[in-house]
Asker: 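Mind having a look at this structure? Questions to follow.
No hydrogens, no waters, no symmetry mates; every other heavy atom, side chains included, goes into these values.
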Amino acid sequence: MTDTTHSGADLRFLAERLARTAGAMALAGRRSLPVGQPPAHDTKSSETDPVTEFDRAAEQYIVGELRRLRPDDAIVGEEGANDSGTSGIEWHIDPIDGTANFLYDLPAWCTSVGAVDSDGSLAGAVYAPVTDEMFSACRGGGATRNGIKIKASSATDIALSMVGTGFSYLPERRLPQARRIRELLPQVRDIRRYGSAAIDLAYVACGRLDAYFEEHLNSWDMAAGLLIATEAGAITSDLHGEAPDEGGVLAAAPGIHQSLLAAIQDASS
């Protein structure tokens with residue numbers, strides 16, 4: 001039976017279901033391997049950017065369900081899904097965000113599913129299978145972790161703030177990123193690099209991180225996580241104070257957004 005509704009709450013529920021099932025499938029596949037044995041994998045943007053059969057299988061499941069339930073929606077997936085639609089709703093899918101962590105059996109990976117309309121992200125879910133945590137939101141409906149409302153931290157001083165970040169898989173981009181971190185690290189409490197943009201954004205939403213920033217992301221990295229962080233009260237922008245985009249994202253507690261933005265800009269110059 002197809003669904004033609006555009007209710008943010010309904011799309012949020014669907015995003016949760018798809019993310020949970022696909023994430024559980026990927027986790028079961030990873031757990032089927034002997035301890036210490038990584039899954040077979042190919043590479044994408046660089047030799048250090050992996051993709052596994054489990055990424056592809058998880059995306060295939062989500063795409064199949066969306067085609068069955070919402071055939072008029074568009075779909076954009078990290079592993080190649082690219083379907084046009086006529087409904088005005090576009091799904092952005094990252095079946096395993098943090099594939100390098102998945103490869104090494106580290107826990108910081110997730111499945112991210114976001115629904116976008118002409119005004120931006122409408123609904124989204126980020127499911128971390130290893131910790132069994134479901135972060136979700138819909139526009140105007142607040143953000144939750146496992147059904148319990150969450151909010152961004154009350155930090156007001158970047159010197160006492162925990163900041164997350166990420167790095168490109170392309171070597172030529174890593175050197176300026178490393179130089180920026182060298183300048184920024186003495187100004188904050190500490191810096192964390194979990195390796196999953198969607199998890200980083202979810203952690204800002206629930207206060208585990210006071211802020212997170214990164215460059216060179218893709219729509220599927222951000223569609224769900226940015227909405228969850230925003231609905232939890234975080235302030236989001238790019239690294240120049242404008243609207244966040246694939247060039248750069250900063251999500252921070254309201255009390256430190258401006259000061260951290262200035263510090264990042266100074267460290268980048």
Side-chain angles (χ1 to χ4, degrees), residues 30 38 41 43-52 55 78 94 96-112 126-131 133 135 152-153 155 158-218 220-222 224-226 228-229 232 234 236-239 244-253 256-257 259-261 263-268:
R30 189 65 185 83
H41 63 282
T43 57
K44 296 185 293 184
S45 64
S46 76
E47 291 184 358
T48 58
D49 183 10
V51 58
T52 73
D55 296 77
E78 181 177 17
D94 197 339
I96 300 179
D97 185 36
T99 301
N101 288 335
F102 181 86
L103 196 70
Y104 284 86
D105 204 15
L106 295 169
W109 59 272
C110 67
T111 300
S112 176
V126 171
Y127 179 59
V130 177
T131 56
E133 291 182 297
F135 300 88
S153 86
I158 65 169
L160 301 176
S161 295
M162 185 70 74
V163 178
T165 194
F167 305 115
S168 173
Y169 282 114
L170 299 178
E172 62 270 21
R173 290 177 174 173
R174 287 190 167 195
L175 182 57
Q177 290 173 335
R179 289 170 174 161
R180 177 192 293 129
I181 293 299
R182 181 187 64 190
E183 299 299 320
L184 189 62
L185 181 58
Q187 302 181 59
V188 300
R189 184 189 295 273
D190 211 341
I191 290 178
R192 294 288 182 267
R193 200 278 204 226
Y194 289 108
S196 164
I199 284 181
D200 285 323
L201 289 164
Y203 281 3
V204 171
C206 70
R208 289 179 182 164
L209 290 173
D210 298 304
Y212 156 75
F213 73 96
E214 189 168 352
E215 296 172 296
H216 312 303
L217 296 174
N218 297 292
W220 49 77
D221 298 314
M222 306 181 292
L226 268 176
I228 294 167
T236 63
S237 71
D238 67 3
L239 302 189
D245 58 26
E246 295 180 11
V249 169
L250 168 62
I256 62 169
H257 180 269
S259 56
L260 183 58
L261 178 62
I264 291 170
Q265 291 173 341
D266 287 345
S268 303

Asker: Between I158 and A263, what is the shortest heavy-atom contact and its length?
Answerer: CD1-CB, 4.0 Å

Asker: So, taking the atom named CG in L209 and the one named CD1 in I191, what distance separates them when rounded to the nearest 0.5 Å?
Answerer: 11.0 Å

Asker: Hey, are the side chains of I228 and V126 touching, using non-hydrogen atoms and a 4.5 Å cut-off?
Answerer: yes

Asker: Taking only residues two or more places apart in sequence, or in another chain, which ones meet E133 in a salt bridge (charged side-chain N to carboxylate O under 4.0 Å, His left out)?
Answerer: R145, R208

Asker: Would you please test L185 and D190 for side chain to side chain contact (heavy atoms under 4.5 Å, CB included) and show each step?
Answerer: CA-CA 6 Å; L185 181 58; D190 211 341; 3.9 Å; yes

Asker: Would a 4.5 Å heavy-atom cut-off, applied to side chains only, mark R173 and H216 as touching?
Answerer: yes

Asker: Show the nearest heavy-atom pair for residues V249 and P244, with the distance to one decimal.
Answerer: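 Heavy-atom minimum between the residues: CG2-CB, 4.1 Å.
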
Asker: Ignoring hydrogens, what is the shortest heavy-atom contact between A234 and A152? Give both atom names and the distance.
Answerer: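 That would be N-CB, 3.8 Å.
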
Asker: Evaluate the side chain to side chain contact (heavy atoms under 4.5 Å, CB included) criterion for residues F167 and E214: first the C-alpha distance (whole Å), next the side-chain angles of each, then the deciding distance (0.1 Å), finally the verdict.
Answerer: CA-CA 7 Å; F167 305 115; E214 189 168 352; over 6 Å; no

Asker: Once rounded to the nearest 0.5 Å, what's the spacing between atom CG of D221 and atom CD1 of I199?
Answerer: 12.0 Å

Asker: Starting at CZ of R182, measure out to CD of Q177 and round the result to the nearest 0.5 Å.
Answerer: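 Interatomic distance, R182 CZ to Q177 CD, rounded to 0.5 Å: 14.0 Å.
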
Asker: Closer than 3.5 angstrom, by distance alone: can the side chain of R30 be matched with the main-chain N or O of F102 as a donor-acceptor pair?
Answerer: yes

Asker: Check whether any side-chain N or O of S196 sits under 3.5 Å from a backbone N or O of D97 as a donor-acceptor pair, and report yes or no.
Answerer: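 The answer is yes, because a donor-acceptor pair under 3.5 Å joins these two groups.
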
Asker: Nearest 0.5 Å please: distance from the CG atom of D55 over to the OG1 atom of T99.
Answerer: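 Answer for the CG-OG1 pair, D55 versus T99, is 3.5 Å.
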
Asker: Kindly give the heavy-atom pair with the smallest separation between A197 and Y212, and that separation in Å.
Answerer: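 Result for this residue pair: CB-OH, 3.3 Å.
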
Asker: Quick one: does N218's side chain have a donor or acceptor within less than 3.5 Å of a partner on W220's backbone?
Answerer: no

Asker: Distance from R180 atom CZ to F213 atom CZ, nearest 0.5 Å?
Answerer: 5.5 Å

Asker: Considering all heavy atoms of both residues, which atom of P107 and which atom of V130 are nearest to each other, and what is their separation?
Answerer: CB-CG1, 3.7 Å

Asker: If I compare all heavy atoms of L261 with all of S237, which pair ends up nearest, and what's the gap?
Answerer: CD1-OG, 4.5 Å

Asker: So, does N101 use its side chain to make a donor-acceptor pair with the main chain of A108 at under 3.5 Å?
Answerer: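 The answer is yes, because a donor-acceptor pair under 3.5 Å joins these two groups.
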
Asker: Residues in salt bridge (charged side-chain N to carboxylate O under 4.0 Å, His left out) with R189, at least two apart?
Answerer: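 In terms of salt bridge (charged side-chain N to carboxylate O under 4.0 Å, His left out), with neighbours along the sequence ignored, R189 is linked to no residue.
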
Asker: Return yes if some donor-acceptor pair links the side-chain N/O of T165 with the main-chain N/O of R193 below 3.5 Å, else return no.
Answerer: no

Asker: Using salt bridge (charged side-chain N to carboxylate O under 4.0 Å, His left out) as the criterion, list what pairs up with D266, not counting sequence neighbours.
Answerer: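 Salt bridge (charged side-chain N to carboxylate O under 4.0 Å, His left out) check on D266 returns nothing, list empty.
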
Asker: Quick one: OG1 on T236 to CE on M222, what's the gap to the nearest 0.5 Å?
Answerer: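 Reported value, rounded in 0.5 Å steps: 10.5 Å.
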
Asker: So which of D210, I256, V163 actually passes side-chain contact (heavy atoms from CB on, under 4.5 Å) with V188?
Answerer: V163

